[in-house]
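Numbers restart at 1 for each chain; the letters A, B, ... are given by sequence-line order, proteins then strands.
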Amino acid sequence: MSAQPIIVSASPHVHSDRTSKKLMYDVVIALIPAFLVSIYVFGFNALIVTAIAVSSCILFEYLIQKFLLKTEVTITDGSALLTGILLAFNLPSSLPIWMIIVGSLVAIGVAKLSFGGLGFNIFNPALVGRVFLLVSFPVQMTMWPTAIENNTTLIDAVTGATPLGVIKEGLQFGETMTEISTKIPSTINMLFGFTGGSLGEMSALALLIGGLYLIIRKVISWHIPITLLVTTAVFTGVFWLIDPEHYANPIIHLLSGGIILGAFFMATDLVTSPMTKKGMIVFALGIGIITVLIRLFGAYPEGISFAILIMNAFVPLINKYFKPRRFGTKIKSKIV
Amino acid sequence: MLKTFPKGGIHPTENKITSTVGIKKMTVPKVVYVPISQHIGIPAEIVVNIKDKVEIGQVIAKSGGFVSSNVHAPVAGTVTKLDLIIDTSGYKKQCIIIRTDAKNESNFEDIDYPLKTEITTEPKDILQKINDYGIVGLGGATFPSHVKLSIKEGTNLDHLIINGVECEPYLTADHRLMLEKAKEIIVGIKILMKALHINKSIIGIENNKKDAIEIFKKLTAEEKEIKVAALQVKYPQGGEKQLISALLNREVPKNGLPLDVGVIVHNVGTIFAIYQAIQHNKPLIERVVTVTGKKLENPSNYWVKIGTPIKDLVDEVGGLPEGTRKIVNGGPMMGKAIKNLDVPVTKGTSGILVIAEDEASRGEPKNCIRCGECVYVCPMGLEPHLLMNLSEKGMYEKASQEDIMTCIECGSCSYVCPSHRPLLDYIRFGKSIVKKLNTAKN
């Protein structure tokens, strides 16, 4: 007999090797391509912003749990790290350091820990941090270093608007889409990410690679990203077909702003998204519609952050009404 | 595409390390401990006294009612004690202890009977014999077989399904039985088809047992009435409801029985036992048990007399290896962990699994991250995270509304939970309370 006692516990006696921590780190890995593009495009600043956001998120989680809440410190579970990266990805690379720290405090302290920590938060912490900064410091939060012009020249000092900002502004001044389109980057540049914008949201391609990785690794399912992208494309497409001079085409909408980052990495946040596939489709549909409404008719050029947060609030309701079908309740049961 | 059930399920590492090891005959133990409750339902009533001499196959405890089953002497010997001993449930149960006679231990050289294909027994006698010879479901549920087969007049029954799925990791008892006793199993199927007046049957086997599928396909090539279906490998496909859904795309209604969709399901082991009972008048006194574990010297499959202490079985394969932390009666997904080896093999014992440290300890439970994995894998369409929560908070009424009683306890939810939450533990607990509340109400 072995020296150690025999364990008597209930079945199952085996467990899959997946852990929450591994899931978190998988998301971190999936964000690497976009991070590399952001360093290429924004240089050292991208590194600084991310480092500050990550370290302050982890530090705040530690301090608050250790000294304020006096609970177990959970900084090693990967969730604070992920929040930090996602927050950084939603910020302009020129944001003052102290603002990043404030954003991190709001994300971790307010959006996550005050709800009870990982798993209990209703809203996506990184997005709460981002939106808090956007409404508090609108000027700094919408100053975007223009990264690369003509694909190659890096012009660091100049600030400019994002493609969506350009479109919104142009339309307000009565310009037509044909006129505006000369001022926004080409589709190819938007696909690769050589455009202005938040740190991690510009390169559609890099984000798609990461998103695909998450789907293959079964960290997320296709339901939220695909529904969200399709909804956005269809909804903006309808407007574009009606009046192409006043509405940008769906491709511009999909490739600009935070749609792809939002679709694969923010809306799919496990904690704040629905638990069933049906629920996910409803959730993503809602995000798509709200995003387009804000983009086309709202005061902000970009709406995905608000849309996700709004739909986050509906998740408990969605979970309640979109349950899996119980086995044995088929309406038409085939009986001989 | 191979058939399978539509919703949920998992694919744990198979670890079928004993699948190529033929079934050996286990040494007859010196003493057997035969519990009188080896089946679901009322325990049997003891009909022997201390110091009585018993023959192999003699009834030593008589069925205690309709949902009950006879218990027979697995060895010839002397009843030395009627005592309470701890069985695999972890509770003390009434038990008949028999000391084996040195000389008279093998007048039932059973499993190697010549094949007898002609079925002469009349349908109603088939049922009676199944009852008399103590046949219960050998898949693990140990439901008395005669009860399952007592079908009310007018029931619309069109399919007999043979469960050769064996979806639990590690277990290979059914697999080996199918390879070695395929002809007998086919006769067993015909016996049941005769008894039930059914003319369609399907043998469902998971695709990780290609050799078994092959053998049955070959043997039934001429038989129009018996089909063999290869199934995708997915746990818990051996669950009756999942198997019916996989093979016939029929959904057994909530709170319903397979009979409600015209189906009756029997495990291959049970079919073999029925064959022996009907063709050779042999009561259920032994079964195939897989004794396995990654660290065991000689993991194997054995013909084991009911009542054999598990210690004897483990000794047969080289004893408990260094660092053993868990001993499971059954498979790793649904089996029961036992405290020590002083527990006998019963009719429901399909395997003994010896687990070392690396697999034995559970991960520390962390916060639920609401990933929904438990919801996706639940084959019954339940929300395990919700049921656990309600159960934890004592909201049993609500848990009942959320169909907690529909849970088949397959453990898929606990298996996948990345936060290592003890979902099934809480659901089981909740179920037990809801059951009590429901009984109180009626």
What closest approach, in Å, do A/Ile6 and B/Ile327 show between heavy atoms, and which atom pair accounts for it? CD1-CD1, 4.1 Å
Answer with side chain, backbone, both or neither: which region of A/Leu118 has an atom nearer than 4.5 Å to a non-hydrogen atom of chain B? both
Which atoms of B/Leu382 approach chain A - backbone, side chain, both or neither, heavy atom under 4.5 Å: both
Answer yes if the side chains of A/Ser9 and B/Lys326 hold a donor-acceptor pair under 3.5 Å, and no otherwise. yes
The interface call for A/Lys22 against chain B, heavy-atom contacts under 4.5 Å, is neither
Within 45° cone of A/Phe327 ring axis and under 6.0 Å: B/Lys7 NZ or CZ: no
Is A/Arg326 paired with B/Glu402 through a side-chain N to carboxylate O contact shorter than 4.0 Å? yes
Given that the side chain runs from C-beta out, which part of B/Ser412 has a heavy atom under 4.5 Å from chain A: side chain, backbone, both or neither? neither
Rounded to the nearest 0.5 Å, the NE2 atom of A/His13 sits from the OG atom of B/Ser414 at a distance of 11.0 Å
Side chain, backbone, both or neither: which part of B/Tyr376 has a heavy atom under 4.5 Å from chain A? side chain
Counting only non-hydrogen atoms closer than 4.5 Å, does A/Asn319 touch chain B with its backbone (N, CA, C, O), its side chain (CB onward), both, or neither? both
Is A/Lys320 salt-bridged to B/Glu383, cutoff N-O under 4.0 Å? no
